[in-house]
Amino acid sequence: MRQIVFFLAFLAFGLAAQAQDPARHGRILLKEYCASCHAIGKTGKSRHVGAPPFRTLGRSFDLDQFARVLERGISSGHPDMPEFKFNEEDALAVRAYLRTIQQ
């Protein structure tokens, strides 16, 4: 029983910390959903030849508007890219992270 209480407290602490750091949460989302094709860090090449590194998205997109695009659902004409749709909190977290890596 004591171990379960400790685990639940640890889990709650982790979720609270994640909520306090949107950029960290955004990185986690991008790593899960996008890193198989896109470079999501400050350096490195995208794994998919046609996938732009996310550190350059600010050159092509207004990141404030990009969060809204993520909420509405983003799709590409590229057949390898699935359609994504984020809730408001996740879209803002992704935007917060993207701002930390722009070049």
Side-chain angles (χ1 to χ4, degrees):
M1 178 69 170
R2 188 172 165 182
Q3 292 170 331
I4 293 172
V5 171
F6 176 75
F7 175 74
L8 292 175
F10 181 76
L11 182 62
F13 177 75
L15 292 174
Q18 181 175 311
Q20 292 175 0
D21 187 358
R24 181 170 178 252
H25 179 59
R27 179 171 169 62
I28 290 168
L29 290 169
L30 293 180
K31 188 174 183 180
E32 181 177 343
Y33 295 110
C34 307
S36 61
C37 294
H38 294 270
I40 64 165
K42 290 182 181 182
T43 61
K45 291 184 178 182
S46 293
R47 293 179 182 178
H48 191 287
V49 175
F54 283 170
R55 66 183 168 275
T56 64
L57 284 181
R59 298 177 192 171
S60 304
F61 296 99
D62 176 352
L63 293 181
D64 288 330
Q65 297 300 321
F66 192 66
R68 291 187 191 125
V69 170
L70 291 174
E71 287 180 62
R72 285 191 300 251
I74 188 167
S75 61
S76 168
H78 198 284
D80 293 340
M81 184 171 160
E83 184 173 329
F84 289 100
K85 187 172 183 177
F86 291 86
N87 65 39
E88 180 181 12
E89 179 183 344
D90 289 347
L92 293 174
V94 167
R95 179 183 69 189
Y97 174 69
L98 288 174
R99 284 183 171 156
T100 70
I101 63 167
Q102 292 310 292
Q103 294 180 348

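Model, not experiment: these values are computed from the prediction. Because only heavy atoms are used, hydrogens play no part in the values below, and waters and symmetry mates are left out as well, while side chains stay in.
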Of all the heavy-atom pairs spanning [X] and [Y], show the shortest one and how long it is.
| X | Y | answer |
| --- | --- | --- |
| L57 | Q102 | N-OE1, 3.4 Å |
| Q103 | K42 | NE2-O, 3.0 Å |
| C37 | S46 | O-CB, 3.2 Å |
| C34 | F54 | CB-CE1, 3.6 Å |
| L70 | A91 | CB-CB, 4.0 Å |
| F84 | Y33 | CZ-O, 3.3 Å |

**Asked** How long is the span from the NE2 atom in H48 to the CE atom in M81, to the nearest 0.5 Å?
**Response**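 If we round to the nearest 0.5 Å, H48:NE2 and M81:CE are 11.0 Å apart.
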
**Message:** How long is the straight-line distance from CG of D21 back to CZ of R27, given to the nearest 0.5 Å?
**Reply:**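 Output value for this atom pair is 12.0 Å.
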
**Prompt:** Is there any salt bridge (Lys or Arg N to Asp or Glu O under 4.0 Å) pair reaching into residues 51-65, and which pairs are they, with sequence neighbours excluded?
**Reply:**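 As it turns out, the salt bridge (Lys or Arg N to Asp or Glu O under 4.0 Å) pairs with a partner in residues 51-65, which skip direct neighbours, are D64-R95, D64-R99.
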
**Prompt:** Hey, quick one: are L98 and L92 part of the same hydrophobic cluster, counting side-chain heavy atoms closer than 4.5 Å, chains of contacts allowed?
**Reply:**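 No, separate clusters.
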
**Prompt:** So if you build clusters from Ile, Leu, Val, Met, Phe, Trp, Tyr with side-chain heavy-atom gaps below 4.5 Å, do I28 and I40 land together?
**Reply:**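 I28 does not cluster with I40.
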
**Message:** In the structure I gave you, are the side-chain heavy atoms of H38 and P52 within less than 4.5 Å of one another anywhere?
**Reply:**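 With C-beta onward as the side chain, the pair touches.
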
